[in-house]
2 protein chains.
Amino acid sequence: MVDNLDFKTFRRIVDVSMEDMCRDLFLGNRESIRIKKERVAVKNLVKIFDAALSISNEKGFSAMSLRELSAEAGLSMGALYTYFKSKDELLDMIQRQGRMLIMRVLLNQIEGIEDPKIKLKQAILVHLYLSEVMQSWFYFSYMETKNLAKDEHRKAIEAELFTEKIFIDILKDGQKKDIFRPVDMELAGAALKAMLQDWYLKRWKYARRKVTVEKYAAFLVDLIETYLNPS
Amino acid sequence: MVDNLDFKTFRRIVDVSMEDMCRDLFLGNRESIRIKKERVAVKNLVKIFDAALSISNEKGFSAMSLRELSAEAGLSMGALYTYFKSKDELLDMIQRQGRMLIMRVLLNQIEGIEDPKIKLKQAILVHLYLSEVMQSWFYFSYMETKNLAKDEHRKAIEAELFTEKIFIDILKDGQKKDIFRPVDMELAGAALKAMLQDWYLKRWKYARRKVTVEKYAAFLVDLIETYLNPS
DNA sequence: GTCTATACCAGGATAGAC
DNA sequence: GTCTATCCTGGTATAGAC
């Protein structure tokens with residue numbers, strides 16, 4: 001039986017940062033990025049991504065002008081365009097890279113757990129902690145999905161359904177093993193997903209009420225377990 | 001003891017439509033709207049609002065050009081500007097008018113109910129049914145809140161907290177009367193709100209899975225009642 | 001690799017004819 | 001009340017100097 005994963009431990013064992021994300025991006029797109037030195041490229045990509053998320057989450061990606069982005073990132077317009085070919089491509093890059101990172105961490109942290117109850121809890125904790133560390137990315141991703149080009153839009157929807165399916169599969173497994181009572185697990189999974197998303201979509205609200213991520217996690221686990229307990 | 005409000009009945013007894021909303025808007029802003037004939041004004045406002053919601057929900061309000069809006073609404077650019085002074089004002093108008101309508105209906109439909117359990121159910125049903133009828137407005141409102149000017153933005157946040165508080169108050173009342181078990185009602189209210197919002201934010205998902213609003217409502221009531229049942 | 005200067009176009013907004 | 005024609009700002013994108 002594994003102990004509860006707490007937030008501090010999560011941060012220590014899981015390597016997630018803007019820098020990692022940008023390094024992955026650089027290594028995976030060497031051809032299309034005109035800058036060749038890794039140190040320089042990663043440093044600037046971090047500045048660009050940070051600035052883009054910060055401005056976009058304030059006023060929306062399409063309302064962000066590249067002049068603004070250039071000022072906030074501390075790079076000239078010309079320099080920006082050595083990292084991406086168009087504003088739309090920048091949007092795609094941010095979304096794609098974030099999705100990859102999330103999938104990797106989430107799957108990684110729950111694999112090998114057999115007990116559905118423990119696995120469910122672990123998945124909830126990892127999802128919440130991830131969205132706590134990468135809040136600006138999660139918020140951005142949610143809000144800007146509909147502005148993506150068709151192909152990327154489709155992939156974003158698939159990713160959303162895929163993570164939801166991870167939860168639904170755990171729930172169904174638990175039901176088969178008579179650990180959870182028989183309810184509509186598709187709806188339960190959707191509801192769970194909605195509450196997980198609320199954590200990063202309404203961060204201002206929870207911050208104002210001084211709700212920590214661990215308190216929210218405990219509440220969520222309690223709620224879902226109470227609902228699923230055999231009666 | 002009241003019977004469950006079903007969706008069909010709701011549609012019959014509650015008068016909500018774009019036209020009503022636009023008539024209210026016209027009557028409340030006679031001075032600032034340059035058109036004087038009610039019939040003409042309301043007809044065109046409906047066309048403008050419908051077009052604006054449809055385009056914005058596809059690609060975002062700030063990405064919608066007024067030329068596009070003018071084409072979709074079937075009015076010239078010049079005509080558009082007799083109904084609002086600027087694109088930003090249009091955004092404010094839509095948001096403000098929708099908020100008023102929702103408050104009116106929601107408060108109206110739950111007032112006078114004493115039993116917390118029945119009142120909670122009624123509030124959930126009314127919220128879901130309202131967002132079903134006005135889905136495009138709810139989606140728009142959620143997605144575009146952050147693009148509002150400072151003052152309207154503040155009001156939108158207040159409205160969000162106000163409706164949440166309606167739920168939290170019912171929950172706390174039930175707890176005081178020992179009908180619900182003692183849990184953190186602020187968190188329960190927030191979670192409930194998140195699931196209510198998911199209904200209009202992820203409509204495509206529920207439509208694809210053929211989940212009706214009444215099925216979703218029943219699920220939500222079951223989930224929250226199970227959680228709150230005294231143990 | 002990065003900057004400045006500039007091209008070019010689309011956007012919001014309005015004047016004035018009908 | 002509505003339309004057409006036009007203004008002008010500010011947007012994305014790039015060329016070419018350093």
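Each chain gets a letter, A, B and so on, in the order its sequence line appears, and its residues count up from 1.
Of the charged side-chain nitrogens involved, at least one lies within less than 4.0 Å of a carboxylate oxygen, so that K202(A) and D198(A) count as a salt-bridged pair. Residues K146(A) and E58(B) are not paired through a salt bridge, judged by the lack of any N-O separation under 4.0 Å between the basic side chain and the carboxylate. Between K119(B) and E111(B) there is no salt bridge, since none of the side-chain N atoms of the basic residue sits less than 4.0 Å from a carboxylate O of the acidic one. Between E160(B) and K155(B) no salt bridge is recorded (no basic side-chain N to carboxylate O distance below 4.0 Å).
Each of G74(A) and L66(B) was assigned the nucleotide of DNA chain C with the nearest heavy atom; the assignment lying further toward the 5' end belongs to G74(A). Comparing E38(B) and G78(B) against DNA chain D, the residue whose closest nucleotide sits nearer the 5' end is E38(B).
Ring geometry for Y142(A) against Y142(B) counts as tilted: the plane angle lies between 30° and 60°, on a 0 to 90° scale.
In this structure, Y81(A) places its OH atom 18 Å from P of dG16(D), rounding to the nearest Å. As rounded to whole Å, 13 Å separates atom C1' of dG11(C) from atom CZ of F61(B). Separating the CZ atom of R34(B) from the C1' atom of dA15(C) is a distance of 11 Å, rounded to the nearest angstrom. Counting to the nearest Å, the P atom of dG1(D) and the CZ atom of R30(B) are 10 Å from each other. Following rounding to the nearest Å, I48(B) (CD1) and dT2(D) (P) show an atom-to-atom distance of 9 Å. Distance CG (L75(A)) to C1' (dT4(C)): 14 Å, rounded to an integer number of Å. Taking atom CE of residue M77(B) and atom C1' of nucleotide dG16(C), one finds them 16 Å apart after rounding to whole Å. Distance CG (L80(B)) to C1' (dT4(D)): 14 Å, rounded to an integer number of Å.
Contacts of F84(B) with the nucleic acid, taken as non-hydrogen atoms under 4.0 Å apart, are absent.
Checking dA13(D), dA13(C), dT2(D) against the side-chain heavy atoms of Y83(B) singles out dT2(D) as nearest. Side-chain atoms of V40(B) lie closest to dT2(D) of the nucleotides dT2(D), dT2(C), dA13(C). Nearest to the side-chain atoms of K37(B) among the listed nucleotides dG1(D), dC3(D), dT14(C) stands dG1(D). Of the candidates dC3(D), dG11(D), dT2(C), dG11(D) carries the atom nearest the S65(A) side chain, counting heavy atoms from C-beta on.
Between the base of dG12(C) and the side chain of R67(B) there is a donor-acceptor pair shorter than 3.5 Å.
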